[in-house]
Amino acid sequence: MNMLQTKLPGLNLKNPIMPASGCFGFGREYAQFYSLDTLGAIMIKATTAEIRFGNPTPRVAETQAGMLNAIGLQNPGLEKVMSEELVWLQKYDVPIIANVAGASVEEYVEVAKKISTASNVKALELNISCPNVKEGGIAFGVDPVIAARLTKAVKEVSEVPVYVKLSPNVSNIVGMATAVESAGADGLTMINTLLGMRLDLKTAQPVLANGTGGLSGPAIKPVAIRMVHEVSQKVNIPIIGMGGVTTAEDALEFLYAGASAVAVGTANFVDPYVCPTIIDELPKLINSLGYEHVSECVGRSWKKHEKAVYHCS
Amino acid sequence: MNMLQTKLPGLNLKNPIMPASGCFGFGREYAQFYSLDTLGAIMIKATTAEIRFGNPTPRVAETQAGMLNAIGLQNPGLEKVMSEELVWLQKYDVPIIANVAGASVEEYVEVAKKISTASNVKALELNISCPNVKEGGIAFGVDPVIAARLTKAVKEVSEVPVYVKLSPNVSNIVGMATAVESAGADGLTMINTLLGMRLDLKTAQPVLANGTGGLSGPAIKPVAIRMVHEVSQKVNIPIIGMGGVTTAEDALEFLYAGASAVAVGTANFVDPYVCPTIIDELPKLINSLGYEHVSECVGRSWKKHEKAVYHCS
Amino acid sequence: MKKHEMMQVVKQRPLTHNVYELTLKGELVRFMNEPGQFVHIRVENQYLPLLRRPISIAEINQHANEFKMIYRAEGAGTKLLASKQSGEAVDVLGPLGHGFPTDVLESGKTAVLVGGGIGVPPLYELSKRLMAKGIKVVHVLGFQSAADVFYEEEFNELGDTHIATVDGTLGTKGFVTDVIDRLQLPYDTMFSCGPTPMLRALEANYSDKPLYISLEERMGCGIGACFACVCRQAEESNAYKKICSDGPVFQAGEVLL
Amino acid sequence: MKKHEMMQVVKQRPLTHNVYELTLKGELVRFMNEPGQFVHIRVENQYLPLLRRPISIAEINQHANEFKMIYRAEGAGTKLLASKQSGEAVDVLGPLGHGFPTDVLESGKTAVLVGGGIGVPPLYELSKRLMAKGIKVVHVLGFQSAADVFYEEEFNELGDTHIATVDGTLGTKGFVTDVIDRLQLPYDTMFSCGPTPMLRALEANYSDKPLYISLEERMGCGIGACFACVCRQAEESNAYKKICSDGPVFQAGEVLL
Ligand SMILES: Cc1cc2nc3c(=O)[nH]c(=O)nc-3n(C[C@H](O)[C@H](O)[C@H](O)COP(=O)(O)OP(=O)(O)OC[C@H]3O[C@@H](n4cnc5c(N)ncnc54)[C@H](O)[C@@H]3O)c2cc1C
Ligand SMILES: Cc1cc2nc3c(=O)[nH]c(=O)nc-3n(C[C@H](O)[C@H](O)[C@H](O)COP(=O)(O)OP(=O)(O)OC[C@H]3O[C@@H](n4cnc5c(N)ncnc54)[C@H](O)[C@@H]3O)c2cc1C
Ligand SMILES: Cc1cc2nc3c(=O)[nH]c(=O)nc-3n(C[C@H](O)[C@H](O)[C@H](O)COP(=O)(O)O)c2cc1C
Ligand SMILES: Cc1cc2nc3c(=O)[nH]c(=O)nc-3n(C[C@H](O)[C@H](O)[C@H](O)COP(=O)(O)O)c2cc1C
Ligand code: FES
Ligand code: FES
C-alpha cells in the first residue's frame with residue numbers, strides 16, 4: 001500500500017502534500033516544471049464572483065525568513081476560473097480544493113454554489129481570513145459568530161465538503177475553530193498569514209502600496225505549529241496545516257502537531273520543485289523514524305500511541 | 001545638542017535604545033562587556049513578589065530567524081531584586097524600567113508599590129502579556145477589561161509612570177492599547193513574544209519542556225512594526241517598540257512606525273555588544289538620511305511632516 | 001522545457017563602484033533566444049535572502065553556453081551575488097518572460113534604444129541582434145553621474161551612443177528625453193528599459209511610432225503564479241497583465257504605467 | 001576583561017564520521033585557564049542559525065595562543081562550523097563559566113575522569129593539568145560504538161584509559177559504570193562530563209568521594225542573563241543555579257539532576 005495515502009472529507013489523496021492557495025495560481029505555471037499528477041491536491045487561487053484587480057503594487061516585500069504579500073484577491077473571476085482554469089486542470093488526475101472569497105456572505109454563497117459543481121473540485125476552502133481584503137474579509141476571520149454564519153450559509157449550497165481557512169490574527173484560535181466546526185465545517189485549513197508591515201528606510205513609507213500585508217514563510221512556522229497543535233486537540237474535523245513548510249521535516253512537524261495533510265505556500269517561489277521534492281522525501285523520512293504510514297505521525301505530539309517507535313539514544 | 005536625547009514620561013534618556021526585559025538579566029553580565037552608562041535605559045527581568053524557579057528546562061529553542069523561550073518568570077524575588085540588583089545598578093547613570101509581573105492583581109500591586117520606590121527605578125513596565133505564565137498572565141494580556149483594571153490598580157500605588165507591555169497574541173491590538181490608556185497608562189511597550197511551538201523530529205514532542213513558548217527575534221519584526229504603526233496612530237501616550245531589532249536600521253524602522261524609543265531583546269544573545277553598536281550607528285544613519293534629531297523620525301510612516309528630508313533618485 | 005539549473009560562475013567583474021557583470025555557464029543558455037528576457041536568481045541556499053531576484057539577460061553566448069547579466073549590488077541579495085566567485089554555482093530559474101520583438105523591423109531601418117541606469121543591460125543583447133539583422137541602432141543611455149556609466153564602449157561598437165547624466169558629469173546634462181529631443185533623429189521603432197518615470201515620459205512624447213518598453217515590479221514567483229507583479233491593462237478597468245510572464249516587455253499603450 | 005573575538009581557524013580535522021576537532025587562534029586564549037570552561041560560538045554572521053552554540057574547551061595552548069574544541073556535527077550550526085576552513089574566522093565568546101577545580105587534589109593522588117560521548121572533550125585539558133601537577137589520572141570513556149571513539153591515544157598518553165561501548169565493538173560492552181565497577185580502582189576524586197543519565201548514575205553510586213560533574217543545557221545568552229539554562233539547587237525548593245555562569249561544573253549534590 002501507498003504509505004502516503006490520505007483520506008479526508010471529499011478528498012482521496014495520493015499523498016498529503018499540496019500547494020497552498022495563492023502560491024500556485026491555477027497550476028499552469030508549475031506544470032512547466034513537473035506533472036501536476038504528482039501532487040496530493042491543488043489549492044487554487046482565491047476566486048471571487050467577478051474579476052478583481054486587487055491591490056496596487058508593490059505587493060510583496062521580503063522580511064527575515066519570510067515575506068509580506070498584499071495581493072488583494074486578484075483573480076479572473078468565477079466564470080473564467082470555471083470555464084478556463086478548472087477545465088484546463090481536468091487533464092490532471094489531481095483533486096482541486098477551490099479557495100472561495102468574497103466581500104459579502106452573498107458573494108461567498110454565489111461562488112461556492114457554482115464552483116462546487118465543477119467535476120474536479122472536490123472540496124472548498126473558505127477564505128475567511130485574507131488580511132488584505134478591506135471590505136469585510138478581516139471581520140469574518142476574527143469574529144466567531146460571523147465566521148460560523150458564513151460557514152453555515154456556504155455549507156447549505158456547496159456540493160462538496162467545506163474546509164474553513166483560519167486566520168492566525170486572533171486571541172483565541174480554538175474559539176474560531178470550534179465555532180466553524182459547530183456550523184458544519186468538514187475540515188480546517190490553517191494558518192493564513194500573520195498581519196505585518198515593512199517600512200522603507202529611505203522614504204519611511206510602507207514598502208507595500210497597501211501598507212500592511214500578510215507574513216508567510218519559515219518565520220511563521222512556530223506560530224502555525226502551535227495553533228495546529230492547540231486546535232487539533234479540540235476539534236473532531238481534520239486539519240490541513242500550513243505556514244513556512246519548506247522541507248519534508250517541516251511537513252512532518254505539522255503532521256506531529258495534528259495536521260492530516262500539509263500545504264506549501266511561499267516555498268514554491270523559492271524552489272518551484274519544492275512540492276515534488278517533499279513528496280519524494282517524506283516516505284524516506286518517516287521510514288527512517290520507524291513509521292510505516294504517514295497517518296501514524298498525525299497528532300503524535302499529543303496523542304497517546306500504543307507503539308513507541310523511536311528510541312532516542 | 002545630543003541628537004538622540006529622548007524624553008518620555010519619567011524617563012530622560014541619553015538615547016532611545018535599551019535592552020528589553022528578560023534579555024539582559026539585571027545588567028551584571030553585560031557590564032562585563034561595556035559600561036551600562038552607554039544605554040538609554042535598562043528594562044530589567046520580570047520581578048515577582050517571591051523567588052520563582054519558572055518552567056522546567058529546556059527553555060529555549062531555535063527557529064528560523066527567531067527563537068522560542070519559556071523561561072516562566074524566573075527571578076530572585078522582589079526583596080533580593082531591590083536589595084541586591086537595584087542597589088548594584090545604582091553605580092551606573094542609567095534609568096531602570098522595572099518589569100513587574102505576578103499571578104494576581106494583588107501580587108502586581110505589591111511588587112509595583114515597593115519596586116517603584118527604588119531611587120533608580122524611573123518607570124514600571126507592566127508585564128501583562130507573558131505567554132509562559134499559566135496562572136492568569138495570559139488572560140490579563142488578551143482581555144482589555146482585565147488589563148485596564150490591572151493598570152488602574154497599579155497606577156494607584158506606583159510612585160513612577162507606568163508603561164503597559166502589550167501581547168501581540170490578540171485580535172485587536174488597538175483595543176488593548178486604548179483600554180490601558182484610558183485606565184491611566186503613561187506609555188506602552190510592545191510587542192512581547194508571539195506564542196509558538198517547535199516539535200522535535202525524533203521524539204515528536206515539543207522541544208520546550210513547557211510545550212509552547214514565546215517567539216522573538218528577526219522573524220517577528222514585521223508583526224511588531226505593523227502593531228506599533230497601528231497603535232501609535234490611535235493613542236496619545238508614547239510607545240517603546242521592540243521585536244527583532246538587531247541593527248540601527250531596525251531601530252529606525254520602529255521609530256518610523258511610531259515608537260519613541262526602541263528595546264533590543266534576543267539580539268543581545270547573538271551579539272553582546274548590540275546595544276552600544278546601535279547607539280553608535282543610529283546618529284550616522286539618521287544623519288545620512290537627512291534628519292537632525294531622532295525625534296524627527298518618530299511616526300514618520302504616517303505623520304505629515306513639514307520638511308521632506310529625503311529625495312529619492 | 002528545462003527552466004532551472006545550478007549554473008557555474010565563469011566570471012564576476014565590477015563595472016562601476018556598485019555595478020557588476022556576472023557571466024554564468026550552463027544548459028539553460030540554450031533556451032535563451034529573446035533579448036529582454038530575465039532570470040530569477042536564488043542567491044543563497046538558505047532562508048536569507050528568502051526570495052529570488054529578477055535580473056535581465058544582458059548578453060547571450062550560445063556558442064560558449066554562457067550568458068551575462070549586469071546588476072547593481074545594493075540590497076542584501078545583490079550584494080551577496082556580487083561575492084560569488086568563479087567556480088561557484090548560482091541557482092537560476094529562466095529564461096523567463098517575453099522580451100523585445102526583433103522581427104518588427106526590417107533590415108535598413110533604424111531603432112533607437114533608450115536605457116536608464118540599471119535598465120540599460122537588456123538593451124545590449126537587443127542591440128547586438130538588431131545590428132546582426134542589418135538594422136541601424138542608436139543608443140541613448142541615461143545615468144546619474146559619470147561614475148555610474150557602464151558599457152559605453154560596448155554599445156559604441158554597435159552604433160552611435162549618446163550619454164546623458166543627471167549631474168552633467170558626462171555627455172548631455174539632463175535626461176534621455178533631452179538627448180532625443182536634441183538629436184531629432186529619424187527612427188522607426190523605439191525600445192526602452194529604465195525607471196517608470198522615464199518610460200512614462202517616452203510614452204507621452206514618442207508614441208507616434210512603435211515603442212516597446214520593459215517594466216519592473218517586485219516579484220514573488222517570477223513565473224506568473226502569485227499575482228505580485230501585475231499591471232492594469234489599458235482598455236479594461238479590472239483586466240490585468242503579469243509583468244513576469246506576459247512581460248516584462250510590452251508595447252506602449254498595452255498596459256497602464 | 002575581553003571576552004569576544006573573531007578567532008582564526010588554524011586547523012579543522014575530522015576525528016570520526018561526525019566528530020571534528022577545530023583549532024582556533026587568538027587573544028582570548030590568554031584568558032583560558034580553567035579546564036571545563038566553554039566558548040559560545042556564532043557560526044554565521046546572519047540570522048540562520050540565530051543563536052550561538054556552546055562548545056567546551058578541549059585543549060589550551062597558551063604558548064601558541066591556540067585552543068582546540070571537539071564537537072559533533074549534527075544540527076544546522078555544528079554542520080556549518082565543520083565547513084569552516086583554515087584561514088576563516090569564527091566569532092567566539094568566552095571563556096565562559098566555571099570549570100573543574102584542579103586544586104582539590106594534591107600530587108600523588110588519583111583522579112578518575114569519566115566521559116560520555118561528546119562529553120569527553122573537556123576532560124582532555126583537565127587530564128593534562130592534573131597530570132602536570134603529579135596527579136595520577138585514569139580515564140573511563142564511554143561511546144556508542146567503536147566508530148564513535150576519538151582521542152583514545154591522546155588520553156592513553158596521559159594515563160590508563162578504559163573504553164566502554166554500548167554495542168561492545170570496542171572495550172567493555174556497556175556503560176562507563178560497568179567499567180568503574182569492574183576496575184574497583186582506588187581513587188580520590190572523580191570528574192565527569194556526559195549525558196545526564198550517566199551523571200545521575202555516577203551521583204547515585206560514587207558520591208562517597210568528591211565528584212565533580214559538568215552539566216549541559218540549551219542556552220540563550222551563555223553568560224547568565226536569560227535564565228534559559230537553570231537547574232534547581234538541591235537544598236532550597238525555588239533556589240537555582242545557572243549552568244552557563246555558575247557551572248557548567250558543579251560538585252555532586254550542589255544541584256538537582
Ligand atoms: C524583469 C526585471 C529585470 C531586472 N533586471 C535587472 C538588471 O538587469 N540589473 C539590475 O541591477 N537590476 C535588475 N532588476 C532589478 C532587480 O531585480 C533589483 O535591483 C533586485 O531585486 C534588488 O535586490 P537586492 O537584493 O539588491 O535588494 P533588497 O532590498 O534586498 O530586495 C528586497 C526585495 O525587493 C525586491 N526588489 C528590490 N528592488 C527591486 C526592483 N527594482 N525591482 C524588482 N524587485 C526589487 C527584491 O527582489 C527582493 O525581493 C530587474 C527587475 C525586474 C523586475
Ligand atoms: C556547556 C556546554 C558544553 C558543550 N560542549 C560540547 C562539546 O565540547 N562538543 C560538542 O559536540 N557538544 C558540546 N555541547 C553540546 C553542543 O552545544 C550542541 O551539540 C550544539 O549546540 C548543537 O548545535 P547544532 O547546531 O548541532 O544543533 P541544532 O539542532 O541546530 O541546535 C538547535 C539549538 O539547540 C541547541 N542545542 C541542541 N543540542 C544541544 C545540547 N546537547 N546542549 C545544548 N544546546 C543544544 C543549540 O545550541 C541551538 O540553540 C556542549 C553544550 C554545553 C551546554
Ligand atoms: C503571494 C501569496 C498569495 C496568497 N493568496 C492566498 C489566497 O488567495 N487565498 C488564501 O486563502 N491564502 C492565500 N495565501 C496564504 C497561503 O495560502 C498560506 O496560507 C500562507 O502563505 C502560509 O503558508 P506559507 O508560509 O507556506 O506561505 C497567499 C500567500 C501568499 C504568499
Ligand atoms: C529569553 C527571553 C526572556 C524574556 N523575558 C521577559 C520578561 O521577563 N518580561 C517581559 O516583559 N518580556 C520578556 N521577554 C520578551 C522581550 O522583552 C521582548 O518583548 C521580546 O523578546 C521581543 O523582542 P526581541 O525580538 O528583540 O527579543 C523575554 C524574551 C526572551 C527572548
Ligand atoms: S511574480 Fe508572481 S505573478 Fe509575477
Ligand atoms: S544561557 Fe542565558 S542564563 Fe544561561
Side-chain angles (χ1 to χ4, degrees), chain A residues 61 63-68 141-143 167-172 176 194-206 211-213 215 217-230 244 246 249 252-257 285 289 297 299-303 305 309-312, chain B residues 61 63-68 141-143 167-172 176 194-206 211-213 215 217-230 244 246 249 252-257 285 289 297 299-303 305 309-312:
Chain A
T63 69
Q64 301 303 334
M67 68 177 278
L68 293 164
V142 299
D143 183 327
S167 163
N169 303 295
V170 297
S171 313
N172 180 0
M176 289 298 301
L194 281 163
L195 203 53
M197 177 180 270
R198 186 176 159 182
L199 302 174
D200 183 271
L201 210 62
K202 292 180 180 170
T203 65
Q205 297 305 302
T212 60
L215 183 64
I220 71 168
K221 199 185 67 175
V223 175
I225 292 289
R226 185 264 295 182
M227 289 187 163
V228 171
H229 178 87
E230 249 180 77
T246 307
E249 284 78 7
L252 179 57
E253 195 177 349
F254 273 92
L255 299 175
Y256 281 161
L285 175 64
L289 293 167
C297 305
R300 199 160 192 101
S301 60
W302 52 268
K303 274 182 198 161
H305 288 254
V309 285
Y310 188 86
H311 303 282
C312 244
Chain B
T63 69
Q64 300 303 335
M67 69 176 278
L68 292 165
V142 300
D143 183 327
S167 163
N169 302 295
V170 297
S171 313
N172 180 1
M176 289 298 301
L194 282 161
L195 202 53
M197 177 181 270
R198 185 176 160 185
L199 301 173
D200 183 272
L201 211 60
K202 292 180 180 171
T203 64
Q205 297 305 302
T212 61
L215 183 64
I220 71 167
K221 198 185 69 176
V223 175
I225 293 289
R226 185 264 296 181
M227 289 187 163
V228 170
H229 177 87
E230 245 180 80
T246 308
E249 285 78 7
L252 180 57
E253 196 177 348
F254 272 91
L255 298 176
Y256 282 160
L285 175 65
L289 293 166
C297 305
R300 199 160 192 102
S301 60
W302 53 266
K303 273 184 198 160
H305 287 256
V309 284
Y310 189 85
H311 302 281
C312 244

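In what follows, chains are A, B, ... by sequence order, proteins preceding strands, each numbered from 1. In what follows, every heavy atom counts, from backbone to side chain, and hydrogens, waters and symmetry copies are set aside.
- Taking both residues in full, the closest heavy atoms of S171(A) and V170(B) are given as OG-CA, 3.3 Å, listed atom of the first, atom of the second, then distance.
- For P218(A), the side chain to side chain contact (heavy atoms under 4.5 Å, CB included) partners are A65(A), T246(A), Q64(B), Y47(C), L50(C), not counting sequence neighbours.
- Per-residue counts of heavy-atom pairs under 4.5 Å with chain B were compared for G66(A), A224(A), A61(A), A204(A); the largest is that of A204(A).
- Between chain B and the options N172(A), T63(A), L252(A), L201(A), the largest number of non-hydrogen pairs under 4.5 Å is found for L201(A).
- In this structure, chain B has heavy atoms under 4.5 Å from both the backbone and the side chain of L199(A).
- The shortest side-chain heavy-atom distance between E253(B) and R198(A) falls under the 4.5 Å cut-off.
- Here the CZ-OG1 distance, from R300(A) to T203(B), works out to 10.0 Å after rounding to the nearest 0.5 Å.
- By number of non-hydrogen pairs under 4.5 angstrom with chain B, the leading residue of P168(A), P222(A), G196(A) is P222(A).
- Contact tally against chain A (heavy-atom pairs below 4.5 Å) for V223(B), L255(B), L285(B): the top residue is V223(B).
- Two residues are said to be in side-chain contact when any heavy atoms from C-beta on lie closer than 4.5 Å; R226(A) and N169(B) meet this criterion.
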